[in-house]
There are 2 protein chains.
Amino acid sequence: MDKIDKKLLRLLQENARYSLKQLSEKVYLSSPAVAARIEKLEEEGIITGYHADISLDKMGYHITAFINLEMTPKQKASFIPFIAEVPNVIECNTVSGNYSMLMKVSFPSTSDLDLFIGQLQKFGHTETQIVFSVPVPHRGIVMKEEA
Amino acid sequence: MDKIDKKLLRLLQENARYSLKQLSEKVYLSSPAVAARIEKLEEEGIITGYHADISLDKMGYHITAFINLEMTPKQKASFIPFIAEVPNVIECNTVSGNYSMLMKVSFPSTSDLDLFIGQLQKFGHTETQIVFSVPVPHRGIVMKEEA
DNA sequence: GATGAAACAGCCGAGCT
DNA sequence: AGCTCGGCTGTTTCATC
């Protein structure tokens, strides 16, 4: 993991569809060398995937919210398989404080969100925060240049 | 936006580095047709970008947390430019309830996180939840097949 | 949207530092 | 050992139908 690897990570975070050619020009190496480095980063588990970002709003998902759910450990066991199958769940984390889960969800409307929150009641107490705006959009960790 | 567009979105969410050739085989279309559809999706703002996912843990960021910050509207104005420049902030949302912001952050250790929370005190009251595990990793909205 | 040709990028080997 | 350079293969792009 040297300076060049970090720069490749930064570039691929910025645009995962850069070609090897484009990358090789930006880091002043040949494309086979870049290909080998990227393959190594993937094998080491440093790069875990490449994903297209899709506008939730344009797809009709106008309401995004964070839901905090407080449960007992027993309920958690049945909750996780359930939540993994709900397509509206963008992420779900086990967090500190009262055995709770914090999840990010997205729905077409507030009534759909309300319906979902209703389904969660059997697992435990919920607290919901609706997202109004996103001053800092989801991004990866910014790599230090170390130039 | 037809069935094929949705399938392309699903495929690019899954792996943004699929070549046009691979995509064209999966949707049973020619590669120029696929290229034109993707270009249209990008222009319409439905696809907003392509990003490599990097393991925070492998990069030395072992602690991830959600921080809720309660502020007055006035403080918010000075807070947003500040927070946008902190590389450890993964996302930051304005949410309902007491003019608060909910942000996701990542640090090498709990003491780094503590230092950061200290910096936030001048903006308002904070509540922090540390992430223990991620049962459902961050993902896009799952496209309905509509086969 | 499909087809075919031309430009381009990626891949594998050999040789170099 | 890792990189660069060559040529061969596969991919993308453009013009035409």
Side-chain angles (χ1 to χ4, degrees), chain A residues 1-61 139-147, chain B residues 1-61 139-147:
Chain A
M1 170 71 57
D2 60 5
K3 238 190 306 188
I4 294 177
D5 283 330
K6 287 206 178 135
K7 188 161 183 183
L8 287 172
L9 290 175
R10 205 150 28 78
L11 290 165
L12 286 169
Q13 254 179 33
E14 175 185 311
N15 181 3
R17 279 184 82 79
Y18 278 136
S19 67
L20 291 181
K21 181 98 188 304
Q22 289 173 305
L23 293 170
S24 67
E25 283 165 3
K26 286 172 200 287
V27 301
Y28 310 105
L29 246 60
S30 69
S31 10
V34 170
R37 278 164 180 270
I38 290 177
E39 204 177 331
K40 198 168 122 280
L41 291 169
E42 289 170 354
E43 278 170 7
E44 288 172 353
I46 293 171
I47 296 176
T48 59
Y50 306 94
H51 303 285
D53 275 15
I54 291 165
S55 162
L56 288 170
D57 202 55
K58 288 259 167 57
M59 293 304 290
Y61 294 85
R139 63 184 184 192
I141 277 287
V142 180
M143 295 292 147
K144 283 183 272 294
E145 183 81 38
E146 289 177 33
Chain B
M1 168 74 55
D2 60 4
K3 238 190 307 189
I4 294 177
D5 283 331
K6 287 203 180 140
K7 189 161 183 182
L8 287 172
L9 290 176
R10 204 151 28 77
L11 290 164
L12 286 170
Q13 254 179 33
E14 177 184 309
N15 181 2
R17 279 183 83 78
Y18 279 135
S19 69
L20 292 181
K21 180 102 190 301
Q22 288 173 304
L23 293 170
S24 67
E25 284 164 4
K26 285 172 200 287
V27 302
Y28 310 105
L29 245 61
S30 66
S31 3
V34 170
R37 278 166 180 270
I38 291 176
E39 201 178 332
K40 199 169 121 281
L41 290 168
E42 290 171 353
E43 279 170 7
E44 288 173 353
I46 292 171
I47 296 175
T48 58
Y50 306 94
H51 303 284
D53 275 16
I54 291 165
S55 163
L56 287 171
D57 202 54
K58 289 258 165 61
M59 292 304 291
Y61 294 85
R139 65 185 183 192
I141 276 288
V142 179
M143 296 291 148
K144 284 183 273 291
E145 183 81 38
E146 288 176 33

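Computed from heavy atoms alone, side chains included, the values below leave out hydrogens, waters and symmetry copies. To find a chain, count down the sequence lines: A is the first, B the second, and so on, and within it residues start at 1.
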Q: Rounded to the nearest angstrom, tell me the gap between atom CD1 in I4(A) and atom C1' in dG2(D).
A: 12 Å
Q: Any carboxylate oxygen within less than 4.0 angstrom of a Lys/Arg side-chain nitrogen, looking at E14(A) and R10(A)?
A: no
Q: How close or far is atom P of dC8(C) from atom CD of Q22(A), stated in whole angstroms?
A: 13 Å
Q: At how many degrees, to 10°, do the end axes of the helix from dG1(C)-dC17(D) to dT17(C)-dA1(D) meet when each uses five pairs?
A: 30°
Q: Rounded to whole Å, please give me the gap between CG in L23(A) and P in dG10(C).
A: 8 Å
Q: Take the protein atom NZ of K21(B) and the nucleotide atom C1' of dA9(C), then report the distance between them rounded to whole Å.
A: 14 Å
Q: P32(B) side chain: which of dC14(D), dC5(D), dG10(C) is closest?
A: dC14(D)
Q: Between E25(B) (CD) and dT11(D) (C1'), how many Å, whole number?
A: 11 Å
Q: Are any of the side-chain heavy atoms of L20(B) and I38(B) separated by less than 4.5 Å?
A: yes
Q: Between dA9(C) atom P and L20(B) atom CG, what is the distance in whole Å?
A: 14 Å
Q: If you check the A33(A) side chain, which of dT4(D), dA9(C), dT13(D) turns out closest?
A: dT4(D)
Q: Taking the side chain as every heavy atom from C-beta outward, state whether L11(A) and V27(A) have any pair of such atoms under 4.5 Å apart.
A: yes
Q: For S31(A) and for R17(A), locate the closest nucleotide of DNA chain D by heavy-atom distance; then report the residue assigned to the nucleotide nearer the 5' terminus.
A: S31(A)
Q: Quick one: does L41(B)'s side chain get under 4.5 Å of M1(B)'s, heavy atoms only?
A: yes
Q: S30(B) near the nucleic acid: base, sugar-phosphate alone, or nothing, with a heavy-atom cut-off under 4.0 Å?
A: base
Q: Judged by modelled atom types alone, do Y18(A) and E25(A) share a side-chain donor-acceptor pair under 3.5 Å?
A: no
Q: Is the shortest side-chain heavy-atom distance between I141(B) and M59(A) below 4.5 Å?
A: no
Q: Given dG2(D), is OP1 or OP2 found less than 4.0 Å from the side-chain N or O atoms of R37(A)?
A: no
Q: Once you round it to whole Å, what is the distance between P of dG1(C) and CD of E39(B)?
A: 13 Å
Q: Rounded to the nearest 0.5 Å, how far apart are NE2 of H51(A) and NE2 of H51(B)?
A: 11.0 Å
